[in-house]
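We use all heavy atoms of the structure for the numbers below, so side chains are in, but hydrogens, waters and symmetry mates are not. Per chain, numbering begins at 1; letters A, B, ... match sequence-line order.
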Amino acid sequence: MMDEKYFAKKTEDKWQRLWEENKTFEVEFDETKPKFFALEMLPYPSGFLHMGHVRNYSIGDALAWYKRLKGFNVLHPIGWDSFGQPAEQAAIKRGVNPRDWTEDNIVAMKSQLKKLGLSYDWRREMAAHRPDYYKFDQWFFLKMYEKGLAYKKATQVNWCETCQTTLSNEQASGGICWRCSNPTTKKEIEQWFLRITDYADQLLDDMQEIEAGWAEKVLKRQRDWIGRSNGAFVEFKIQDSTFKIKVFTTRIDTIYGVNAIVVAAEHPFIEANSDKLSSEVLSKIDEIKFEKTKAVDREVEIEKDGIDTGFKAVNPFSGEEVPIWVANYVLIEYGTGAVMSVPAHDERDFEFAKKFGLPIRQVISEPNLAHEHHTMQALALSDAFTDYGVMVHSDDWNGKTSEVAKVEMAEYAKKHGFGETAITYRLRDWGISRQRFWGSPIPVVYCNSCGAVAEKYENLPVELPKDMVTEGTGTSPLDNDSTFVNTNCPKCGEPAKRETDTMDTFVDSCWYYFRYCDNKNSEMPFSPEVAAYWTPVDQYIGGDEHAVMHLIYTRFWTKVMRDLGLVNFNEPVKRLLTQGMVVGETFFSDETGKRIYHAPKSVKVERDAKGKLLGVKSADGKPLKYAVEKMSKSKGNGIDPDEMVDIYGADASRMFVLFAAPAENELVWNESGIEGTLRFLQRIWRFVWKWQSAIGSRQSAVGSEEFSADARKLRRKTHQTIQRIDESLDSLQFNTPVAALMELSNAIHDFRVEPETAAKSDVYAIREAIESLILMLAPFAPHTAEDLFASLVGNENGILANGGKFPIYNAELAKADEIEIPVQINGRLRSKVIAEPEADNKTLEALALADEKVMEWTNGKEIVKIIVVPKRLVNIVVKD
RNA sequence: GCUUGGGUGGCGGAAUAGGUAGACGCACAGGACUUAAAAUCCUGUAUUCUUCGGAGUGUGCGGGUUCGAUUCCCGCCCCAAGCACCA
């Protein structure tokens, strides 16, 4: 029997228990059913949930419920991205084992997730730090090693002194460590790489398969990240030297305008010729290098700087001699580390030439000015002309367009052996070596006679030592564990040493969701047959901070898996929803600027009679400043989901998170709104309490019996709502369906019929409305929906166990008996008339003209024109 | 600077194959019930004027197209996020 009042905790405890007992959300591979894979980005087990998680999982859970009600076999799993630095740092700081720390955190967070009542199939849980999972990180590594996709090379890497680790280019973007925000430096080290650049073109080209389901901003960032550009290499000979300098250019058509060759300070030409350079030049080069290693303040643009080396290069097209400069604006990492400077047609070169007084010669002209440029020696340019145009001052090429010349000049260069067309990328190979303990060991052994040897598959996993190994400085912690390091060569059996670097944690998240399909498999990462049913992911949900790293790596990994024959598609994720951040309100003291008040409830908010915010004061009456910031523990503006669930219940909390803003928008947390969703749940509860016995005792079918006008109106609202919510959920809108549910609840409330006196048809209409409402409530407030459904149908097993389905929309019932047609005079609303929904234009026109208010406006005026839009409006155009 | 989003009441947000702007919720105000409070219920709430019937103004700003523009076009302003010497 249901309680008269809604007790969230009681209801939620009950259904969380029942779901577990009944294995409600456990799903199996079943080819007879259509599948749906709903996936949220897996959490790092920090130990506590934050509101970003709650939002992420509420969205995913709503979708999973919706798809279940629509008859899909829904795979909705969760796992743990449990390798990585926080565990290691916590271990160092507190002297605990990172494994224990991680496992404890998982236990804590799992109970928080369960309190939210999320509909996961918990049997499929995975955790990256457990050997049964990372065994297959290693398996994949070996496969890639065999295929030449994993390789080791000595390289300058980004190094963070504070974190004592290497960082990928992405993680050290802008010379700043992504984790600790301190400046990074460079260090020469032997590192393992994955050849993601082999897949650069596919990563770009396959985007067309997913562009319908991914936000453009994400694809754009990936495109920029890969940074493919089509151009050419050109070699410049050096006067009095056998050395040549190769440059990359996308504008070979501008080559007659070259005024200098400019190289990066780190370019090998400098190293090779350092003995011939003056001390002035060498010290300038050192200065440039030094400036680069300093912390880069991104707000300030670095001024261009450089020096003439005194060497001369020869332009292979014109034969002209140009000076060779070293400058700080040329990047060693991109292209060849050397550029041809064409100030007339490149903004950077223009700025540089202006500063150092180098000649500027225009060789591309706007088509209509080409003749003028031919006859005149030079036109003063105030800016670089970077558009395509017509060639001038370019010998035999004069008069050709840039587009034509680009192709022909590259061919010419190739024919004469000093160049060729080329494509360059910003994307670098992915360095996966980390000098850390808490990661998946790279399964390679170094043998004195055999060199680097792959570990055998049967020896996987290469397990981490049980105890935390003490931190070394600058070397891998595992170096200090002799039992781990010392092994035998898998090839010759002689004593050998293990690789002690571990893998970047982004490796773990590349393929974790495939593991959900088949997480008990000990032979393979997953069975290709089972994965073929569940994957690709139908809907992925997560923050857009993963737009480049995780989402590019996992797309790459999928393509590798495809080439290994594990999957038969190119793209792992059909649709991606990038949810907005949850931000908190923070209050500052006006006097000191310090953050002093955290919980919004501990401040006094002053408003005027209309509710407009006048100011915020502390409990003791001092004025406070207000700001919106990313929620975090340290800022004290975070909301503890546990606390929220205790006060309002999981259902009201989850529902509010979905209702408060569209999923992609930033959500400024404001607690007062939750009470609205709680009130809504209580109201539905009251409906069911009030009507359950009437519905139960008189639930006979209604046949030809006439429905009252009000009952027809309610049924209309019910069916309109069904259609609306179905469409919204299908297009991943979660805020508007909640509003629609509230509207339906308002309609039920306005249906003023009492159970004792209700006609059979009224009970039928009420039952239809309430039952539909409850079924459509399930994605948002599953516990409450389950309980109400059980009470209503008198079956304690709830919606899914009773085969509950999303209600069926009936277009006939949704149609109105009569509709209100606005009537405009000269485009301004003046009156409304009531008409049959099917009324034709003539009828509507006549109705409008006969309307009293309309006649007041048309009286004595000439009617110029009447526009009738069927079912929508009538507009009468009049003239005085 | 470039790119991508976005500017609608006191607040979060609805509504665009061009057709009643402000759904739904919050907040606020008044009322009913109550000894009182909470809960619940009723009413109001863009804005100005009003003879209380209505009338004018209003979706960042300025133009345009149209019977009609939050929606389409042109030119601006502002905000947010991302990228940033990629040759």
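- With a 3.5 Å ceiling on both atom-pair distances, the Watson-Crick or G-U wobble partner of C83(B) is G1(B).
- For U47(B), the paired base is G56(B) (Watson-Crick or G-U wobble, both distances below 3.5 Å).
- The phosphate of C67(B) has neither OP1 nor OP2 within less than 4.0 Å of any side-chain N or O from R828(A).
- The 5' end of RNA chain B is approached more closely, in terms of each residue's nearest nucleotide, by Q733(A) than by the other of Q733(A) and V738(A).
- Heavy atoms of N665(A) sit under 4.0 angstrom from primed sugar atoms or phosphate atoms, though from no base atom.
- At a threshold of 4.0 angstrom between heavy atoms, the contacts of H749(A) are confined to the sugar-phosphate backbone, with no base atom among them.
- Taking side-chain N and O atoms only, R683(A) has a distance below 4.0 Å to OP1 or OP2 of C41(B).
- A distance of 8.0 Å separates CD of E333(A) from CZ of R428(A), quoted to the nearest 0.5 Å.
- Using a 4.0 Å heavy-atom cutoff across all strands shown, V339(A) reaches at least one base atom of the nucleic acid.
- Between the CZ atom of R872(A) and the C1' atom of U71(B) there is a distance of 13 Å, given to the nearest Å.
- For R752(A), a side-chain nitrogen or oxygen approaches OP1 or OP2 of C42(B) to under 4.0 Å.
- With C1' as the reference atom, A36(B) and C11(B) are 32 Å apart, rounded to whole Å.
- Regarding contacts with the backbone of A55(B), a side-chain N or O of R830(A) is found under 4.0 angstrom from either OP1 or OP2.
- You'll find the ring centres of F352(A) and W325(A) inside the 6.0 Å limit.
- Comparing C76(B) with G68(B), their C1' atoms are spaced 26 Å from each other, to the whole Å.
- Comment: E836(A) does not engage K871(A) in a salt bridge, judged by the lack of any side-chain N to carboxylate O separation of less than 4.0 angstrom.
- Put simply, N746(A) has a side-chain N or O that comes within less than 4.0 Å of OP1 or OP2 on G25(B).
- Taking atom C1' in both U59(B) and A21(B), the straight-line distance is 7 Å, to the nearest Å.
- Here the separation of G18(B) from C72(B), taken at their C1' atoms, is 8 Å to the nearest Å.
- Taking atom C1' on both A23(B) and A15(B), the two are 8 Å apart, rounded to the nearest angstrom.
- What separates CZ of R724(A) from C1' of A23(B) is a distance of 7 Å, to the nearest Å.
- Judged by distance alone, with hydrogens and angles left aside, K220(A) brings no side-chain donor or acceptor close enough to the base of U3(B) to form a pair under 3.5 Å.
- With P as the reference atom, A69(B) and G64(B) are 12 Å apart, rounded to whole Å.
- Here E347(A) lies out of heavy-atom contact (under 4.0 Å) with every strand.
- To the nearest whole angstrom, the two P atoms, one in G31(B) and one in A38(B), are 14 Å apart.
- F687(A) has its CZ atom 12 Å from the P atom of U40(B), to the nearest Å.
- The same atom, C1', is picked in U20(B) and in U70(B); the two are 14 Å apart, to the nearest Å.
- For the pair K304(A) and Y329(A), the distance from NZ or CZ to the six-membered ring centre is under 6.0 Å and the angle to the ring normal is within 45 degrees.
- In summary, the aromatic rings of F656(A) and W669(A) are positioned with their centroids under 6.0 Å apart.
- Residue D224(A) is out of contact with every strand shown, counting any heavy-atom pair closer than 4.0 Å.
- Of the possible polar contacts, one joining the D349(A) side chain to the V342(A) backbone as a donor-acceptor pair under 3.5 Å is found.
- Looking only at atom types and distance, the side chain of D253(A) has no donor-acceptor partner in the side chain of Y388(A) under 3.5 Å away.
- The side chain of Y329(A) contributes no N or O atom lying less than 4.0 Å from OP1 or OP2 of A87(B).
- The partner of A32(B) is U40(B), judged by Watson-Crick or G-U wobble contacts that both fall below 3.5 Å.
- The side chain of S229(A) contributes an N or O atom lying less than 4.0 Å from OP1 or OP2 of A87(B).
- Protein atom CG of N735(A) is 14 Å distant from nucleotide atom P of G12(B), rounded to whole Å.
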